[in-house]
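These values consider heavy atoms only, across backbone and side chains, with no hydrogens, waters or symmetry-generated copies. Below, chains carry the letters A, B, ... as their sequence lines are ordered, and counting in each starts from 1.
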There are 2 protein chains.
Amino acid sequence: MTKSIENLKKSGLKITPQRVAIVEFLSEYGHLSISKMYELVKEKFPSISLATIYKNVNAMIDNGFLKEVKIIGQDSRYELNYGEHSHVVCKECGKVVDIDIDTQTLFKEAEEKSTIKVESSSMVFYGICGECAKGHL
Amino acid sequence: MTKSIENLKKSGLKITPQRVAIVEFLSEYGHLSISKMYELVKEKFPSISLATIYKNVNAMIDNGFLKEVKIIGQDSRYELNYGEHSHVVCKECGKVVDIDIDTQTLFKEAEEKSTIKVESSSMVFYGICGECAKGHL
DNA sequence: CTAAATGCAAAGCATTTGCAAATAT
DNA sequence: ATATTTGCAAATGCTTTGCATTTAG
């Protein structure tokens, strides 16, 4: 069993085949929108309901197993919650790339400048990826 | 006439009293959710429709006059588009504070690590503000 | 065995759209 | 004068809820 499924078990939720599928697709793809997740899981479990996707994603966010990534102009993506990291999004094709940025220094800076005690962050960079840029030649 | 209204004029949209009110409230408050904006403008123009708020906000985003700030767990806020800066949000009371962070260095770093040419970013820090922290004593 | 999860249909909300009347330029 | 904007009501679309049935532990 993969590490993610072990963690899911620890989260207190029951291990249903639908949930396993969601977690496996998230491990494989990294980030998924609700509709893409539904599409993928539906191939394995044609009877799955969109409501089940929503219920599970919400439950997994509530217990900290998943994280939402809000993206301007695109559907939110959901990902396994594995510590602080940032995202770079292609505005054209929607591809999302994870990157590590030293957020500790930034946290401190944000804290000093705002006088709000910072606990987490969401950093999203927007641009055009190589493949999409080629398409504009 | 304030600088913001001058800029609105330049944006190509007609200057209606409703639009002036939206821009003035945004200048005053810095960031507003749709519902707060509606509430405020409605005091001045009781007949304004929520649809008008939406149409105007969308039109002003489309021409780059406004910017959306997506916030996890809270309604999006809208602000006048005045160059790159970051936001610190209190998770409890929803207060949003603007801060300047040197994004150029981060852009470069994000670009190198992702191989996506970065053009803009949205950086939001989350925490608990002083007043809300006091409430927990 | 029983508490939780699924799947369906219905309900709920936020946002958008269509259109006639009003307004900015 | 005319193209745009407003405001209303209706439509859309995403998300949640209620409930009977099924399932995990």
Novice: Taking the nucleotide of DNA chain C with the closest heavy atom to each, which residue, T52(A) or L13(B), is nearer the 5' end?
Specialist: T52(A)

Novice: Tell me whether the side-chain N/O atoms of Q18(A) come closer than 4.0 Å to OP1 or OP2 in dT23(D).
Specialist: no

Novice: At less than 3.5 Å, do the side-chain atoms of K42(A) and the base atoms of dG7(C) form a donor-acceptor pair?
Specialist: no

Novice: For N56(A) and dA24(D), give me the distance from atom CG to atom C1', rounded to whole Å.
Specialist: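 The distance from CG of N56(A) to C1' of dA24(D) comes to 13 Å, rounded to the nearest Å.
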
Novice: Quick one: CG on D102(B) to CZ on F107(B), what's the gap to the nearest 0.5 Å?
Specialist: 10.0 Å

Novice: Pick base, sugar-phosphate or nothing for P17(A), based on heavy-atom distances below 4.0 Å to the nucleic acid.
Specialist: sugar-phosphate

Novice: Report which part of the nucleic acid S47(A) touches: base, sugar-phosphate, or nothing (heavy-atom distance under 4.0 Å, all strands).
Specialist: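 Sugar-phosphate contact only - S47(A) comes under 4.0 Å of backbone atoms but never of a base.
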
Novice: With no hydrogens and no angle check, is any side-chain donor or acceptor of R19(B) less than 3.5 Å from a backbone partner on N56(B)?
Specialist: no

Novice: Go ahead and write out DNA chain C as dot-bracket, 5' to 3': ( ) for pairs within the strand, [ ] for ones crossing earlier pairs, | when the partner sits on another strand, dots for unpaired; Watson-Crick or G-U wobble, both distances under 3.5 Å.
Specialist: |||||||||||||||||||||||||

Novice: Does OP1 or OP2 of dT16(C) have a side-chain N or O of N58(B) closer than 4.0 Å?
Specialist: yes

Novice: Round to the nearest Å and state the distance from Y38(A) atom OH to dT16(D) atom P.
Specialist: 15 Å

Novice: Tell me the interatomic distance from I53(B), atom CD1, to dT6(D), atom C1', rounded to whole angstroms.
Specialist: 11 Å

Novice: Nearest 0.5 Å please: distance from the CZ atom of F125(B) over to the CE atom of M123(A).
Specialist: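 One gets 5.0 Å once the value is rounded to the nearest 0.5 Å.
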
Novice: Looking at E112(A) and K108(A), is any side-chain nitrogen of the basic one under 4.0 Å from a carboxylate oxygen of the acidic one?
Specialist: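 No, this pair does not count.
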
Novice: Would you give the length of the straight line joining atom CD of Q74(B) to atom NZ of K91(B), rounded to the nearest 0.5 angstrom?
Specialist: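 The CD atom of Q74(B) sits 10.5 Å away from the NZ atom of K91(B).
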
Novice: Check the phosphate of dA24(C) against R19(B), side-chain N and O only, distance under 4.0 Å to OP1 or OP2. Yes or no?
Specialist: no

Novice: Measure from NZ on K55(B) to P on dA22(C) and round the result to the nearest Å.
Specialist: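 It is 16 Å, rounded to the nearest whole Å.
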
Novice: Figure out the CD/P separation between E68(B) and dA14(C), and round it to whole Å.
Specialist: 15 Å

Novice: May I ask you to decide whether E24(A) forms a salt bridge with K44(A), counting only side-chain N to carboxylate O separations under 4.0 Å?
Specialist: yes

Novice: Pick base, sugar-phosphate or nothing for T16(A), based on heavy-atom distances below 4.0 Å to the nucleic acid.
Specialist: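 If one applies the 4.0 Å heavy-atom cut-off, T16(A) turns out to touch the sugar-phosphate alone, with no base involved.
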
Novice: Between the base of dG25(D) and the side chain of K9(A), is one N or O donor paired with an acceptor at under 3.5 angstrom?
Specialist: no

Novice: Starting the side chain at C-beta, find the nucleotide from dA24(C), dT17(C), dA3(C) nearest to K14(B).
Specialist: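 Of the options given, the side chain of K14(B) lies nearest dA24(C).
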
Novice: Is E39(B) salt-bridged to K36(B), going by a charged N under 4.0 Å from an acidic O?
Specialist: yes

Novice: Can you measure L50(B) atom CG to dA9(D) atom C1' for me and round it to whole angstrom units?
Specialist: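 Going from L50(B) (CG) to dA9(D) (C1'), I get 13 Å.
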
Novice: Could you give the CD1-to-P distance, from I48(A) to dA9(C), as a whole number of Å?
Specialist: 16 Å

Novice: Run the numbers on E68(B) and S76(B) for side-chain hydrogen bond (donor to acceptor under 3.5 Å, both in side chains), then give the verdict.
Specialist: CA-CA 7 Å; E68(B) 178 179 1; S76(B) 281; 2.6 Å; yes

Novice: Starting at atom CG of D75(A), determine the distance to atom P of dG13(D), rounded to an integer number of angstrom.
Specialist: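 Taking atom P of dG13(D) as the reference, CG of D75(A) is at 13 Å.
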
